Amino acid sequence: MRTVYVNGEYLPEDQAKVSVFDRGFLFADAVYEVTSVLDGKLISFPGHAARLQRSLTELEMASPVSDAELLEIHRELITRNDLTEGLIYLQVTRGAADRDFLYPAPETVPTLVLFTQAKPALEHSPMVQTGMKIVTIPDRRWGRRDIKTTQLLYPSMGKMEARARGADDAWMVEDGAVTEGTSNNAYIIKDGVIVTRHLGEEILHGITRKAVLAFAREAQMKVEERPFTVEEALSADEAFITSASSFVTPVVSIDGADIGTGRPGKVVARLREIYLDEMRKAGI
Ligand code: PDD
């Protein structure tokens, strides 16, 4: 049985409890982070901690612990659960208060929950060999996607629709351009140029995205941060997604049409290799 963390305590997963009045449960008044673990080490922890603070600030939510304490909790969960490869999920909510749309008193104690998910095939996912099939769906999420809130019903519906249409995931489209994947950032490559949507309130500022774009630029690859259309994606040479749970994973078809050769391409394979090599070295 897993050991999870709830508000200062390490507990067996079946003993961990959160109030029915918790605002995360009633209002999705909560933010989260997902950090990957390889060789028992955290990948990009400082980036995830920084984004968490930003999400909390945007929602005027108090931070329950310092970054140092947060790192300590992550490390303790890795040890207690013997985690070598997988994910650590973290959620902070505004805490428990009588149901009211207005935020409760600022002294309300936030809820902090963390748990591990062992994923033995995180690095060697079959998707890396086969590539992913993507379908496009309208982006019907709220307007502050740069805040990593737990309002994940629409992405969840999107993944269900993708599966029903025989695909692996969905890319969301707004005003004719791709915003991002349901739980990842989206990219195309044409004539050696990597194109991905610019940062703004329309997408999550991926921690993996930041690292991958930096490595791409270091390797003298050209990067354009701008909107791209589905038509442009369909004429691309390669396509891929990035996230803490997929790293860099090739996309081989969109709405049933092949991208490039219809097989994972060389540039994406190279980016994945560089990303994993570098992040492993920097793991803590
Ligand atoms: N999702 N865009 C969205 C909408 C996401 O939910 C995520 C991450 C990303 C990629 O961000 P990062 O590189 O920091 O993981 C982009 C996580 C993995 C999840 O919800 O499980």
Side-chain angles (χ1 to χ4, degrees), residues 24 28 30-38 42-55 58 74 85-92 113-119 121-123 125 127 132 134 136-162 168-174 177-187 194 196-216 225 227 239-249 251 268 271-272 274-276 278-279 282-283:
V31 298
Y32 77 109
E33 283 296 330
V34 175
T35 306
S36 53
V37 173
L38 289 177
L42 294 157
I43 303 301
S44 284
F45 178 81
H48 289 285
R51 186 174 60 192
L52 174 67
Q53 293 307 328
R54 180 179 182 276
S55 294
E58 290 297 313
H74 277 77
E85 190 165 353
L87 304 170
I88 299 193
Y89 176 88
L90 165 160
Q91 182 170 327
V92 182
V113 168
L114 287 92
F115 57 80
T116 55
Q117 289 181 293
K119 302 260 182 203
L122 193 66
E123 181 174 4
S125 153
M127 244 22 134
M132 295 175 74
I134 296 293
T136 57
I137 58 171
D139 198 335
R140 295 205 171 113
R141 297 173 300 163
W142 79 323
R144 287 303 305 277
R145 302 156 193 161
D146 57 315
I147 309 174
K148 199 164 170 60
T149 75
T150 59
Q151 303 175 74
L152 295 174
L153 183 55
Y154 190 68
S156 180
M157 290 165 72
K159 285 196 198 273
M160 291 304 291
E161 180 174 338
D168 304 302
D169 206 344
W171 281 6
M172 295 177 284
V173 179
E174 187 171 61
V178 172
T179 50
E180 59 185 332
T182 55
S183 64
N184 42 67
N185 291 114
Y187 309 72
I194 299 168
T196 192
R197 196 182 180 97
H198 57 284
L199 296 180
E201 294 182 353
E202 312 81 32
I203 64 165
L204 185 75
H205 302 189
I207 302 304
T208 319
R209 177 189 183 282
K210 190 176 179 188
V212 167
L213 293 187
F215 294 139
E225 296 180 65
F240 64 103
I241 59 157
T242 66
S243 73
S245 51
S246 67
F247 307 127
V248 176
T249 300
V251 165
V268 175
L271 281 173
R272 183 180 172 94
I274 299 174
Y275 175 81
L276 284 169
E278 295 297 326
M279 298 322 284

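Positions are given from 1, in the same order as the sequence printed here. In listed order, ligands and their atoms are each counted from 1. A quick note: this is a predicted structure, and the numbers were derived from the prediction, not measured.
Rounded to the nearest 0.5 angstrom, Asn185 CG and Ser246 OG are separated by 9.0 Å. With rounding to the nearest 0.5 Å, the separation of CD in Glu33 from NE2 in His48 is 6.0 Å.
Taking all atoms of both residues into account, the shortest heavy-atom contact from Arg51 to Leu204 is NH1-CD2, 3.3 Å. The shortest non-hydrogen separation linking Val178 to Ala186 is CG1-CB, 4.0 Å. In terms of heavy-atom proximity, Arg144 sits nearest to Glu58 at NH2-OE1, 2.9 Å.
For ligand 1, the protein residues within 4.0 angstrom (heavy atoms only) are Tyr32, Val34, His48, Arg51, Arg141, Lys148, Glu180, Gly181, Thr182, Ser183, Asn184, Asn185, Leu204, Gly206, Ile207, Thr208, Thr242, Ser243, Ala244, Ser245.
Between the side chains of Lys210 and Ser44, no donor-acceptor pair is found at a separation under 3.5 Å.
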